[in-house]
Asks: 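Before I ask anything, let me first share the structure, which is written out below as structure tokens.
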Number of protein chains: 2
Amino acid sequence: MREIQEGRWAEGARFPSDQELTSRLGVSRMTVRQAVSELVNDGFLRRDHGKGTFVTRPRALRRFWTVISFTEEMRSRGLEVQNKLLGVRRVIPPGPIRKALRLGPGERVLQIRRIRAVHGQPIAYNVSNIPLSRCPDLDRCDLEEDSLYLIIQNRYGYRITRGDRAYRAAKPSRAEAALLGVAPGDSVLVVEGATFVDREVPIDYCYEVYRE
Amino acid sequence: MREIQEGRWAEGARFPSDQELTSRLGVSRMTVRQAVSELVNDGFLRRDHGKGTFVTRPRALRRFWTVISFTEEMRSRGLEVQNKLLGVRRVIPPGPIRKALRLGPGERVLQIRRIRAVHGQPIAYNVSNIPLSRCPDLDRCDLEEDSLYLIIQNRYGYRITRGDRAYRAAKPSRAEAALLGVAPGDSVLVVEGATFVDREVPIDYCYEVYRE
DNA sequence: TAGTGGTCTAGACCACAAG
DNA sequence: TTGTGGTCTAGACCACTAA
């Protein structure tokens with residue numbers, strides 16, 4: 001009973017209710033719901049409790065926020081994210097990071113090390129480096145609770161406009177393997193790069209290791 | 001009835017059968033199946049028809065290939081991709097692209113323009129620039145059928161090792177809006193950058209516009 | 001053959017939204 | 001109050017797998 005397909009419905013149009021499909025197709029309601037659920041999962045329909053079922057444009061497959069922010073990417077997939085703070089320090093960054101952030105020789109950054117977990121399983125190890133001159137007293141915020149980029153935008157009034165990322169497959173260091181719960185020989189995905197606000201001002205240089 | 005959670009099962013271990021859960025928890029089988037289906041969808045369990053249900057490690061949320069290759073990313077989500085070839089030309093690339101690809105002044109690239117579609121809906125506009133010196137006669141391959149990066153690896157023996165990408169939200173050009181079927185004022189995601197093989201040799205400079 | 005998952009039935013009660 | 005989706009029941013038959 002899978003003959004319900006997308007027949008060029010207009011976006012936002014009302015889709016037949018469970019009851020209507022049940023009687024029209026002569027199948028039981030559980031069967032209807034299962035078929036409709038597939039279309040909902042594929043992003044063609046949206047159910048509103050008490051209101052009805054509606055045709056929706058298939059959700060965008062990539063959006064600026066979902067590629068730039070780990071938290072947003074996971075949420076867009078309907079997964080809950082836990083951030084575990086490993087450490088927060090004010091440090092003078094190494095040369096390449098200083099360069100990428102366009103900082104003067106003595107300027108310090110806030111180095112934030114975190115483990116991102118989904119369903120309690122560690123997924124990624126993340127190090128962010130944020131210039132203190134651009135986000136003063138960032139270490140007074142609740143960095144464990146919510147999206148770092150949300151804080152940067154809401155508390156400091158920046159607008160994040162661009163993200164540069166380099167992707168490569170690699171072997172984790174011993175410490176990274178231990179943090180992610182993988183074998184040292186396993187392959188991991190390393191993502192690295194700067195995030196920019198407003199007029200091309202770098203606000204973060206992040207280094208991430210994803211379990212693969 | 002959602003009290004079935006992940007209780008640190010070993011990977012590959014057998015999960016209780018529907019029947020066993022039904023009698024053990026005192027609920028009906030449809031209820032059990034719905035709860036188990038959620039765990040299957042979230043990647044914690046795998047069902048094998050006739051064999052049983054097994055614990056599986058949650059699938060990786062980001063892998064090198066799924067962030068580097070559009071085709072692979074869509075396939076990993078269980079979606080079918082269609083590539084529509086708009087045009088293939090041998091051209092001398094503009095300065096910034098020539099620089100990113102580390103080409104000499106007169107060297108030519110194969111410019112490949114494509115529309116990527118999922119479920120018949122256009123999702124992205126993509127322009128790849130591939131040095132002909134590194135992939136001679138690439139225009140003789142079937143570029144519509146399959147993954148460009150698969151061809152580069154299989155036919156030319158390269159191993160793709162790194163991808164650099166810059167992400168930004170933008171407004172589409174009039175031509176891009178028309179190709180993607182969006183309004184000119186809508187926001188789109190622009191992705192741009194080089195892909196590298198082996199010893200940091202750039203093999204592609206791609207420019208992509210995603211519907212948002 | 002016995003056990004598993006895949007699908008389906010014909011009901012039921014509930015929570016939510018709108019008139 | 002009515003109609004909607006969310007959840008659940010207690011069965012049933014089928015296809016697949018392995019002994």
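Each chain gets a letter, A, B and so on, in the order its sequence line appears, and its residues count up from 1.
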Asks: What integer distance in Å separates Leu25(B):CG from dT9(D):C1'?
Replies: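 Taking CG of Leu25(B) and C1' of dT9(D), I get 15 Å after rounding.
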Asks: Quick one: Leu21(B) CG to dG3(C) P, roughly how many Å, whole number?
Replies: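 So the CG-P distance, Leu21(B) to dG3(C), works out to 16 Å.
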Asks: Could you give all pairs that pass the side chain to side chain donor-acceptor pair (under 3.5 Å) test and reach residues 179-196 of chain B, with sequence neighbours left out?
Replies: Tyr149(B)-Thr195(B), Arg165(B)-Thr195(B), Arg168(B)-Glu192(B), Ser187(B)-Glu212(B), Glu192(B)-Tyr205(B)
Asks: Applying salt bridge (Lys or Arg N to Asp or Glu O under 4.0 Å), run through Glu72(B) and Arg63(B) and close with a yes or a no.
Replies: CA-CA 10 Å; Glu72(B) 293 307 317; Arg63(B) 277 177 240 146; over 6 Å; no
Asks: Quickly work out the Phe54(B) CZ to dG5(C) P distance and round it to whole Å.
Replies: 8 Å
Asks: Does dT9(D) have OP1 or OP2 sitting under 4.0 Å from an N or O in the side chain of Ser28(B)?
Replies: yes
Asks: To the nearest Å, how far apart are Glu20(A) CD and dG5(D) C1'?
Replies: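 Going from Glu20(A) (CD) to dG5(D) (C1'), I get 14 Å.
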Asks: Just to verify, what does Tyr125(A) make a ring-ring contact (aromatic ring centres under 6.0 Å, His included) with, not counting sequence neighbours?
Replies: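 Listed in chain order: nothing, the list is empty.
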Asks: How long is the line joining CD of Gln34(B) and P of dG5(C), in whole Å?
Replies: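 Answer to the nearest Å: 17 Å.
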Asks: By side-chain contact (heavy atoms from CB on, under 4.5 Å), which residues pair with Arg174(A), not counting sequence neighbours?
Replies: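 Not a single residue meets the side-chain contact (heavy atoms from CB on, under 4.5 Å) criterion with Arg174(A).
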Asks: Report the relative orientation of the aromatic rings in Phe70(A) and Tyr210(A); use parallel for angles under 30°, tilted for 30 to 60°, perpendicular for over 60°.
Replies: tilted
Asks: Would you kindly give the CZ-to-C1' distance between Arg46(A) and dG5(D), to the nearest whole Å?
Replies: 13 Å
Asks: Strictly under 4.0 angstrom, non-hydrogen atoms only: write out the protein contact profile of nucleotides 11-19 of chain C, one letter per nucleotide from the 5' end, B, S or -.
Replies: -B--BBSS-
Asks: Could you state the atom-to-atom distance from CZ of Phe15(B) to C1' of dG5(C) in whole Å?
Replies: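 Distance check: Phe15(B) CZ to dG5(C) C1' gives 14 Å.
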Asks: To the nearest Å, how far apart are Gln19(A) CD and dA10(C) P?
Replies: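 Checked: the CD to P distance equals 15 Å.
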Asks: Can you check whether Ser17(B) has a side-chain N or O nearer than 4.0 Å to OP1 or OP2 of dT4(C)?
Replies: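 True: Ser17(B) side-chain N/O within range (under 4.0 Å) of dT4(C) OP1/OP2.
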Asks: Just compare dG5(D), dT9(C), dG6(C) and give me whichever is closest to any side-chain atom of Arg33(B).
Replies: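 Looking only at heavy atoms from C-beta outward on Arg33(B), the closest nucleotide is dG6(C).
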Asks: My understanding is that only residues two or more places apart in sequence, or in another chain, count here; which of them pass side-chain contact (heavy atoms from CB on, under 4.5 Å) with Glu144(B)?
Replies: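 Result, side-chain contact (heavy atoms from CB on, under 4.5 Å) vs Glu144(B): Lys84(B), Leu85(B), Asp142(B).
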Asks: Is the shortest side-chain N/O distance from Thr53(A) to OP1 or OP2 of dG5(D) below 4.0 Å?
Replies: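 Thr53(A) to dG5(D) OP1/OP2: side-chain N or O found under 4.0 Å.
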Asks: Test of understanding: with side-chain contact (heavy atoms from CB on, under 4.5 Å), list the residues that count as partners of Ser28(A), not counting sequence neighbours.
Replies: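 Once residues adjacent in sequence are excluded, the partners of Ser28(A) under the side-chain contact (heavy atoms from CB on, under 4.5 Å) criterion are Met30(A), Thr31(A).
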